[in-house]
Colleague: 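Here you go, one structure.
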Amino acid sequence: MRHFLDFEKPIAELEGKIEELRRTTDAGGIDVAEEVGRLRDKAHKLLQATYAKLTPWQKAQVARHPERPHASDYIAGLIEGFVPLAGDRAFADDAAVLGGMGRFHGRAVMVLGTERGDDTESRVKHNFGMARPEGYRKARRLMELAGRFGLPILSFVDTAGAFPGIDAEARGQAEAIARSIEAGLDAPVPFIATIIGEGGSGGAIALAAADRVLMLEHAIYSVISPEGCASILWRDAAQASVAAEALRLTGEDLKRLAIIDAVIAEPLGGAHRDAPAIIASVGVRIEEVLEPLAALDGATLRARRREKFLEMGRVGAL
Amino acid sequence: MNWISEWALPKIKTLFGAPREVPENLWHKCEACEQMIFHRDLERALHVCTHCGHHMRIGAARRLEYTFDAGFSRIELPRVPTDPLRFRDQRRYADRLREAQAKSAMDDAIAVAHGTIEGHRAVVAAFEFAFMAGSMGAGVGEGIVTAARLAVLQDAPLIVFTASGGARMQEGAVSLMQMPRTVIATRLVKEAGLPFIVVMCDPTTGGVTASFAMLGDIQIAEPGALIGFAGARVIEQTVREKLPEGFQRAEYLLEHGILDLVVARGAMRETLGRIIGLLRVPLVVPPEPEPVVEPLIALPPPEPAATS
């Protein structure tokens, strides 16, 4: 059973009806192929119309759709011979951050990703994609490793943010994030970050201080969640849709603000409706931006990356 | 002013529960111990409660005054794009910003100055918490970058006094990008061989803590300062646990290995001076070592090849 979002109710009804009719046909009833075709057409048009004008808040819901492909799906689909690497060498391995090496289009790369998990058990294991300090320290370690051996870094970001917990604070959550940002900025290798779902604040930028930042069409990237912003500035979490609008957290807006580099179109109805298709197009886009970066030396990459981030917030930049 | 107004009168007023409007500007109530402190005593004590030692929040101007030797100069910060998102909640961000500017006579929540500390040249950036909770947007980011550049230019250490609620959400992802941006600033200072010192003041949280503010060569905090990444309320709601006593206070961070020192305001200038002095001692070039003639381990002579 597909999970439908609130604003997809009319689509859900149509698709339910189609399914029902198909079942009657299969059971040897009257042939309703024509009717099914007509309804399919209608559902398709409705889906098109709905997704053509998603509000930022609706995009936030699509970005968090439980069936949306996660970091592990992109790694499985794009990386050959993946060797997972674990641990921060000090305290623990944090399963909220995936890391490892493998080949992308034949090239050896380092891969990082925040992983939410896709059923109750794996969600708990991955802490719903909210990393603790160990996760960011692992990321930093692997970025430094990538730098030493000349492996480009690919990251897949999908997190509500860093985990807000007592243990996380006690072990230096802020320092771990800061060092991870620093490691990304310092890496003498190409670094490409893709925001595949939710790019939540410090927990996202920890893995996205990159040369190029790509964003999926219905992904969001923000300094604070719409709900969090609404509860602070409107003193009412129910104003999340208004806050989502104000925060300019969609790929389109962030491209205009020169915060990200490109928006990757999603299959009609969102990435979860055709995971293989979106994973393939993400692969194509990464290869497109990686190719020219791979020709640059470490010092040039680092200098340009710095210049890019230093520009963000200068007069004339926005 | 005489002993009656300075001492007897407030005591009498406290005794009789007189209305508080008169003491408002002359007498200050400590928010920690609720005792009254005469404004001159408070100023003399650098806004540290003379009864309980509570370090009150102070603005950037006072901070610079307390930190430098006499005669420092503030620099003007480059203009930044204001309101990149044209953000509005119940009010327009542009209006909030203008109001904060009018109230504080500052362009944004940070002041940068250069001068000497105990005779050592230094650049200091100080947050103004009263300016939109010291939140970091493009203006504050620019302040940190400018301070770093100035430090490099003057071959002087950079000291940042933080007091911030975190990123300025009214600037959305632009404020988030100030995290990598200020991290780059710390690199500029460090790569020039200069010390970068952070003094965390009450409160320092969110995106400020999780970027440049945790990357000091030396991490100092004022006593009792609230320092953390996530807000206490968010943590409590997430873990549904009571937060431990003293959680996210300077002393807690010191105990957990996140800070080097907790330093009282009255000792701050002296401490900073001492640290700078130690880190800025000119390098002593070691004498050329004698060339080693004998190998440390004598290798056995090669064995003659075996013949059959």
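Chain identifiers are assigned alphabetically (A, B, ...) following the order of the sequence lines, protein sequences preceding nucleic acid strands; residue numbering begins at 1 within each chain. If you're wondering where the values come from, they're calculated on a predicted model, not measured in any experiment.
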Colleague: So what's closer than 4.5 Å to chain B heavy atoms on Leu233(A): side chain, backbone, both or neither?
Modeller: both
Colleague: What residues of residues 180-192 of chain A sit under 4.5 Å from chain B when only non-hydrogen atoms are counted?
Modeller: Ile181(A), Glu182(A), Leu185(A), Asp186(A)
Colleague: What residues, two or more places apart in sequence or in another chain, satisfy side-chain contact (heavy atoms from CB on, under 4.5 Å) together with Arg89(A)?
Modeller: Arg141(A)
Colleague: Should the pair Lys138(A)-Asp88(A) be classified as a salt bridge under the 4.0 Å nitrogen-to-oxygen rule?
Modeller: no
Colleague: Among Val145(B), Leu153(B), Thr146(B), find the residue that satisfies the side-chain contact (heavy atoms from CB on, under 4.5 Å) test when tested with Arg149(B).
Modeller: Val145(B)
Colleague: Hey, is Arg86(B) close enough to Asp83(B) for a salt bridge, meaning N to O under 4.0 Å?
Modeller: no
Colleague: Could you tell me which portion of Gln170(B) (side chain, backbone, both or neither) has an atom closer than 4.5 angstrom to a non-hydrogen atom of chain A?
Modeller: side chain
Colleague: Let me know if Gln237(B) has heavy atoms under 4.5 Å from chain A in its side chain, its backbone, both or neither.
Modeller: neither
Colleague: Heavy-atom distance under 4.5 Å to chain B: side chain of Ile224(A), backbone, both or neither?
Modeller: side chain
Colleague: Taking heavy atoms only and a threshold strictly under 4.5 Å, list by residue number the residues of residues 198-208 of chain A that touch chain B; give 'none' if the list is empty.
Modeller: Ser201(A), Gly202(A), Ile205(A)
Colleague: Below 4.5 Å from any heavy atom of chain B, which atoms of Phe163(A) appear? Answer side chain, backbone, both or neither.
Modeller: side chain
Colleague: Would one find more than 12 heavy atoms of other residues, nucleotides or ligands at under 6.0 Å from atom CG of Asp107(B)?
Modeller: no
Colleague: Please identify, among Ile258(B), Leu85(B), Thr209(B), Val183(B), the residue contributing the most non-hydrogen atom pairs under 4.5 Å to chain A.
Modeller: Leu85(B)
Colleague: What is the minimum heavy-atom distance between Ala146(A) and Met110(A), and which atoms define it?
Modeller: CB-CB, 3.6 Å
Colleague: Less than 4.5 Å to any heavy atom of chain A: does that hold for the side chain of Tyr252(B), its backbone, both, or neither?
Modeller: side chain
Colleague: Closer than 4.0 angstrom, basic N to acidic O: yes or no for Arg140(A) and Glu144(A)?
Modeller: yes
Colleague: Hey, which of Gly166(B), Ser211(B), Ala167(B) has the most heavy atom pairs under 4.5 Å with chain A?
Modeller: Ser211(B)
Colleague: Using a strict threshold of under 4.0 Å (side-chain N to carboxylate O), is an ion pair present between Arg116(A) and Asp158(A)?
Modeller: yes
Colleague: Looking at side-chain heavy atoms only, is the closest gap between Glu175(A) and Phe229(B) below 4.5 Å?
Modeller: no
Colleague: Per the salt bridge (Lys or Arg N to Asp or Glu O under 4.0 Å) rule, what does the pair list look like for residues 225-244 of chain A, sequence neighbours excluded?
Modeller: Arg64(A)-Glu227(A)
Colleague: If you count heavy-atom pairs within less than 4.5 Å of chain A, which of Gln248(B), Arg187(B), Arg168(B) leads?
Modeller: Arg187(B)
Colleague: Heavy-atom pairs under 4.5 Å with chain B - which of Arg171(A), Arg179(A), Gln239(A) has more of them than the others?
Modeller: Arg179(A)
Colleague: Before accepting this row, confirm whether a basic side-chain N of the pair Lys59(A)/Asp253(A) lies closer than 4.0 Å to the acidic partner's carboxylate O.
Modeller: no
Colleague: Looking at Glu191(B) and Arg302(A), is there a salt bridge between them, counting it only when a charged N and a carboxylate O are closer than 4.0 Å?
Modeller: no
Colleague: Looking at Ala209(A), Ala243(A), Ala170(A), Gly165(A), which has the largest count of heavy-atom pairs under 4.5 Å with chain B?
Modeller: Ala170(A)
Colleague: Who wins among Gln178(B), His256(B), Arg91(B), Arg181(B) for the most heavy-atom pairs under 4.5 Å with chain A?
Modeller: Arg181(B)
Colleague: Nearest heavy-atom pair of Met215(A) and Gly251(A): which atoms, and what distance?
Modeller: CE-N, 3.4 Å
Colleague: Can you spot which of Arg249(B), Arg57(B), Arg265(B) makes a salt bridge (Lys or Arg N to Asp or Glu O under 4.0 Å) with Glu222(B)?
Modeller: Arg265(B)
Colleague: Among Val239(B), Ile227(B), Ile235(B), single out the residue with the greatest number of heavy-atom pairs under 4.5 Å to chain A.
Modeller: Ile235(B)
Colleague: Is the shortest side-chain N to carboxylate O distance from Arg314(A) to Glu307(A) below 4.0 Å?
Modeller: yes
Colleague: Is the number of heavy atoms from other residues, nucleotides or ligands under 6.0 Å of Glu251(B) CD greater than 12?
Modeller: yes
Colleague: Could you tell me which portion of Glu142(B) (side chain, backbone, both or neither) has an atom closer than 4.5 angstrom to a non-hydrogen atom of chain A?
Modeller: side chain
Colleague: Which answer fits Ile232(A), side chain, backbone, both or neither, if we ask what part of it has an atom under 4.5 Å from a heavy atom of chain B?
Modeller: side chain
Colleague: Between Asp261(A) and Leu214(A) (side chain of the first, backbone of the second, donor and acceptor by atom type, cut-off under 3.5 Å), is there such a pair?
Modeller: no
Colleague: Given the options Lys308(A), Gln173(A), Arg306(A), which has more heavy-atom pairs under 4.5 Å with chain B than any of the others?
Modeller: Arg306(A)
